[in-house]
Amino acid sequence: MHRAVGPDIQRRDLKPWTVVLLLLLSLTVVVMTIGFLVHFLGSDHKMEYYHGTFRFSDLQVKSNSGQISTYQFKELQEMNENLVDEIFIDSALRKHYIKNTVVTLTSEEDGVKTDVIMVFKFPSTDQRAGREKRIHSILHQRVRNTRALPTNILSVQPEGCGKRVVPLIVNRIMSGDIAAKSAWPWQASLQRDGIHQCGATLISSMWLVTAAHCFKSSANPQQWTVSFGTKINPPLMKRNVRRIIVHERYRSPAREYDIAVVQFSPRVPFTDDVRWICLPKTSTSFRPNSTVYITGFGALFYGGESQNDLREARLKIISNDVCKQPHVYGSDIKFGMFCAGYLEGIYDACRGDSGGPLVAKDLKDTWYLYGIVSWGDNCGQKNKPGVYTDVTYYRNWIASKTGL
Ligand code: 4AZ
């Protein structure tokens with residue numbers, strides 16, 4: 001066989017100075033990595049998120065269809081984000097400012113309204129009081145002075161979890177009552193090929209918590225969308241699912257590890273009708289018999305259909321001792337699960353409520369996600385209450401996947 005003979009490749013041995021140089025280089029990389037980690041993980045700083053609303057006047061963006069085109073959206077988004085960057089990089093808050101993102105653009109009569117999430121990092125020891133005003137005043141002064149385009153800053157609010165704008169109206173409910181607008185702004189509907197399958201709970205501007213069993217048929221993000229608001233149709237907002245992370249130890253038909261997190265995009269703005277709930281600490285435990293609420297678009301009876309209007313029901317936590325009795329669920333209640341409802345039945349979650357929230361409020365009226373609708377024998381049957389995934393048990397798992 002013929003073999004072409006090429007130029008002689010000479011092996012060059014590493015010279016001692018090259019070795020020293022390489023060692024020095026590696027050392028620098030290691031030192032820099034450690035420094036980076038200490039800076040970002042070690043120091044006691046806390047991210048704070050603020051929601052600003054801007055108004056750009058004298059701006060015509062509507063096309064014939066009345067919609068903002070993708071091109072205009074991108075252009076305005078970039079302009080707004082650059083403006084906010086410039087303002088803070090050149091302000092007294094420059095050391096604390098991290099970034100901003102325009103999450104929505106709304107076309108109005110003679111202008112455009114934008115919702116912007118601004119991220120800052122402050123030492124946890126710093127007082128938070130007055131920060132909102134400071135951010136507002138910096139923005140207000142600069143947007144007035146510097147731009148050719150007439151701009152107003154309408155509001156600045158801290159992004160807070162678990163607060164709702166309507167008071168809780170407590171009524172005893174059978175198969176749930178239709179929920180008031182803005183009452184459960186963390187509720188989401190997970191839809192496969194446009195059809196409601198499961199509930200989910202908003203825990204940040206782009207993450208949801210739901211049940212792992214919702215993805216038994218498909219965990220392909222491209223088939224899934226998420227909608228917000230108290231009606232499935234028409235939805236208040238709709239988003240594409242980007243990532244579905246099912247608990248790696250979930251094995252159907254076993255019911256342990258019935259938890260998943262879902263990332264969607266783009267982020268949702270923090271409004272009265274769409275906002276996230278707080279996650280409890282790992283250590284929190286709730287007292288048996290305490291009051292909790294479940295919400296969902298699920299069926300009103302076993303074998304029924306999902307509903308277009310969100311419903312709510314008030315339940316009581318049932319202790320594990322009670323729920324593990326042989327005539328209730330016996331040994332089917334495993335770690336990371338708890339029961340809620342009534343042994344006499346009626347008030348319960350049902351098909352289509354799965355993955356949705358079980359929530360409770362603290363003394364300051366801040367709402368927390370404690371449970372995820374997981375399973376149960378039938379719906380509303382005597383001695384067969386609903387069983388929920390214990391969010392406190394999986395709190396660290398949620399953090400490990402979402403960083404929240
Ligand atoms: C379901 O099929 C389902 N009664 C969810 C909750 C309960 C029963 C069934 C609890 O999604």
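Order of appearance sets the numbers: ligands from 1, and atoms from 1 within every ligand.
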- [ ] Would you check if the side chain of R142 reaches a backbone N or O of L139 as a donor-acceptor pair within less than 3.5 Å?
- [x] no
Task: Separation of L279 CG from Y394 OH (nearest 0.5 Å) - done: 15.0 Å
Under 3.5 Å: N or O atoms of ligand 1 paired with protein N or O:
from, atom 1, to, atom 2, distance (Å)
ligand 1, 4 (N), D348, OD1, 3.4
ligand 1, 4 (N), D348, OD2, 2.8
ligand 1, 4 (N), A349, O, 2.8
ligand 1, 4 (N), N378, O, 3.0
ligand 1, 11 (O), S354, OG, 2.7

Task: salt bridge (Lys or Arg N to Asp or Glu O under 4.0 Å) contacts touching residues 268-291 (sequence neighbours left out) - done: K181-D273, D272-R275
Open item on the list: For T28, give me all partners under side chain to side chain contact (heavy atoms under 4.5 Å, CB included), at least two apart in sequence or on another chain.
Closed with: M32
Task: Pair E48-R131, salt bridge (Lys or Arg N to Asp or Glu O under 4.0 Å): steps then yes or no - done: CA-CA 10 Å; E48 285 181 21; R131 211 167 272 159; 2.5 Å; yes
Which donor-acceptor pairs under 3.5 Å do side chains of residues 191-198 form with protein atoms, sequence neighbours excluded?
from, atom 1, to, atom 2, distance (Å)
Q191, OE1, K238, NZ, 3.1
Q191, NE2, S189, OG, 2.8
Q191, NE2, S227, OG, 3.1
R192, NH1, S217, OG, 2.5
H196, ND1, S189, OG, 2.9
H196, NE2, G352, O, 2.9
Q197, NE2, I195, O, 3.4

